[in-house]
Protein chains: 2
Amino acid sequence: MHEKHASSFHENIAKIRRLIVHSSLVPGDRLPSERELAETLSISRASVREALRALSFLGIVETRHGGGTFLCEQDRHRYIEILSEFIVTKQTKASDITDMLRLLERMAFSEVEPTLQRVMELEAVVEDDRQFRQRLIFGLKNELFVRIWSEVNRFFDGLESDDLYTLEERKRLIEAWRGMGMPE
Amino acid sequence: MHEKHASSFHENIAKIRRLIVHSSLVPGDRLPSERELAETLSISRASVREALRALSFLGIVETRHGGGTFLCEQDRHRYIEILSEFIVTKQTKASDITDMLRLLERMAFSEVEPTLQRVMELEAVVEDDRQFRQRLIFGLKNELFVRIWSEVNRFFDGLESDDLYTLEERKRLIEAWRGMGMPE
DNA sequence: AATCATTAAGTGGTCAGACCAATTAGTGAA
DNA sequence: TTCACTAATTGGTCTGACCACTTAATGATT
């Protein structure tokens with residue numbers, strides 16, 4: 001007999017988070033078993049598992065086969081508010097995202113040598129804010145950097161905000177970059 | 001009748017990744033249904049869902065209730081190799097991690113004004129590489145930045161590598177930073 | 001009584017089948 | 001041809017079972 005599916009993925013994660021906070025769990029503590037959580041939170045064990053998997057991805061909890069589910073060590077739990085709220089529910093100040101992108105992209109400028117070819121490639125897409133920023137980032141050969149930028153940019157896309165830079169800014173950025181290279 | 005659980009979480013993700021590649025799917029294309037994937041890959045639908053949820057977290061696929069599961073737009077799928085391999089299996093070049101940390105921390109220096117108090121706080125922990133870098137990063141009030149740094153640093157910790165900077169480097173960084181502020 | 005191998009209980013991992021909820025494709029009447 | 005309706009498809013959730021691993025309890029041995 002089904003009870004009506006009032007639950008949802010995000011809500012379930014929030015429920016477990018609240019439980020962690022209310023139970024005053026400290027890093028290293030073991031959470032209630034999945035079966036217990038399911039009954040307490042009035043959701044199925046499958047849903048509990050999906051939520052726990054998400055929290056595991058966020059580095060908040062850690063599961064050990066046969067052992068249990070534990071709150072992660074370190075002060076990582078201090079970021080529960082930030083992490084889960086941000087990644088899962090996408091609630092972060094829009095200014096944080098745009099600031100972060102600007103920082104990352106400025107960094108890309110300072111880390112990549114402005115060769116003639118690169119400058120031309122960038123100028124070719126100067127009309128399109130999105131392509132411009134993407135081309136810029138891919139100049140960095142650090143895969144990890146690209147990954148992080150992509151993640152942040154994904155949320156920026158979901159923001160439905162305007163371009164990050166104006167056309168004039170983009171042109172100015174290229175000029176400044178070019179100036180950093182050659183002693184002309 | 002059970003077949004023996006030869007599957008594992010990581011393997012399942014890899015299976016779906018291979019299927020995406022071999023099927024020559026392009027962004028926007030729909031993946032086979034969960035039931036179909038389960039049969040094709042010889043794993044349960046629950047396991048398929050867990051793997052898909054992970055890929056969804058990585059921004060590789062997107063699910064629409066009643067509609068299907070789709071490969072994300074953009075060239076994000078080009079990062080399937082990078083993303084899934086990195087986040088899930090933690091296989092990233094150590095040099096990428098240290099490079100990234102150095103970049104982020106250099107960025108912190110350039111973004112934060114070297115007030116007298118901040119400089120003193122940093123000098124107080126100059127002996128400890130870990131504390132030094134953490135104190136530095138927390139000077140940035142951008143929560144998102146802190147989050148990202150924390151994530152990257154987590155992997156660095158798991159690397160069992162030496163300090164990121166030598167004591168001399170740390171002292172030199174502080175001096176250079178101090179010099180950026182006051183016109184002395 | 002102390003030690004250690006064995007056993008039982010507990011917990012995460014997987015599987016199977018069913019039903020709910022939303023979308024999409026197909027159908028038929030206007 | 002158009003559009004409302006229906007059926008099929010697909011993701012979302014639930015239930016219960018069994019497997020694999022860990023941990024605690026048990027009991028025999030020393």
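Sequence lines set the chain letters: A, B, ... in the order given, protein chains first and strands last, and positions in each chain run from 1.
Distances were taken from every side-chain heavy atom of B:Thr63 (C-beta onward) to each of D:dG12, C:dG12, C:dT14; the shortest belongs to D:dG12. In the set C:dG12, C:dC15, D:dT15, the nucleotide with an atom closest to the side chain of A:Ala46 is D:dT15. In this structure, of C:dT11, C:dT14, C:dG12, it is C:dT14 that holds the atom nearest to the side chain of B:Ser44. Here the nucleotide nearest the side chain of A:Ser33, chosen from D:dC14, D:dG11, C:dG12, is C:dG12. Taking the side chain of A:Thr69 as heavy atoms from C-beta on, and the options C:dG12, D:dG12, C:dT14, the nearest nucleotide is C:dG12. The side chain of A:Ser47 sits closest to D:dT13 out of D:dC21, D:dG12, D:dT13.
With rounding to whole Å, B:Arg45 atom CZ is found 8 Å from D:dT10 atom C1'. In this structure, CD of B:Glu34 is placed 16 Å from P of C:dA22, rounded to the nearest angstrom. We find that CZ of B:Arg30 is positioned 14 Å from P of C:dT23, with the value rounded to whole Å. Here D:dT23 presents its P atom at 8 Å from CZ of A:Arg64, a figure rounded to the nearest Å. For the pair A:His65 NE2 and D:dC19 C1', the interatomic distance rounds to 8 Å; values are reported in whole Å. A:Arg35 has its CZ atom 12 Å from the P atom of D:dA17, to the nearest Å. Summarising the geometry, the separation between CD on A:Glu62 and P on C:dT11 is reported as 17 Å, rounded to the nearest angstrom. Between B:Leu31 atom CG and D:dG11 atom P the separation is 9 Å, expressed in whole Å.
B:Glu50 comes within contact range of the sugar-phosphate backbone alone, with a heavy-atom separation under 4.0 Å but no base atom that close.
Salt bridge absent: A:Arg170 and A:Glu127 never bring a charged side-chain N and a carboxylate O closer than 4.0 Å. Between A:Arg178 and A:Glu175, at least one side-chain N (NZ, or NE/NH1/NH2) sits under 4.0 Å from a carboxylate O, which counts as a salt bridge.
OP1 or OP2 of C:dG12 has not a single side-chain nitrogen or oxygen of A:Arg49 nearer than 4.0 Å.
The backbone N or O of B:Thr166 lies less than 3.5 Å from no partner atom in the side chain of B:Asp163, so there is not a single donor-acceptor pair.
Side-chain contact between A:Lys15 and A:Ile43 is present, with heavy atoms from C-beta onward closer than 4.5 Å. For the pair A:Val61 and A:Phe70, the minimum side-chain heavy-atom distance is 4.5 Å or more.
Comparing B:Gly68 and A:Gly66 by the nucleotide of DNA chain D whose heavy atom lies nearest to each, the residue mapping closer to the 5' end is B:Gly68.
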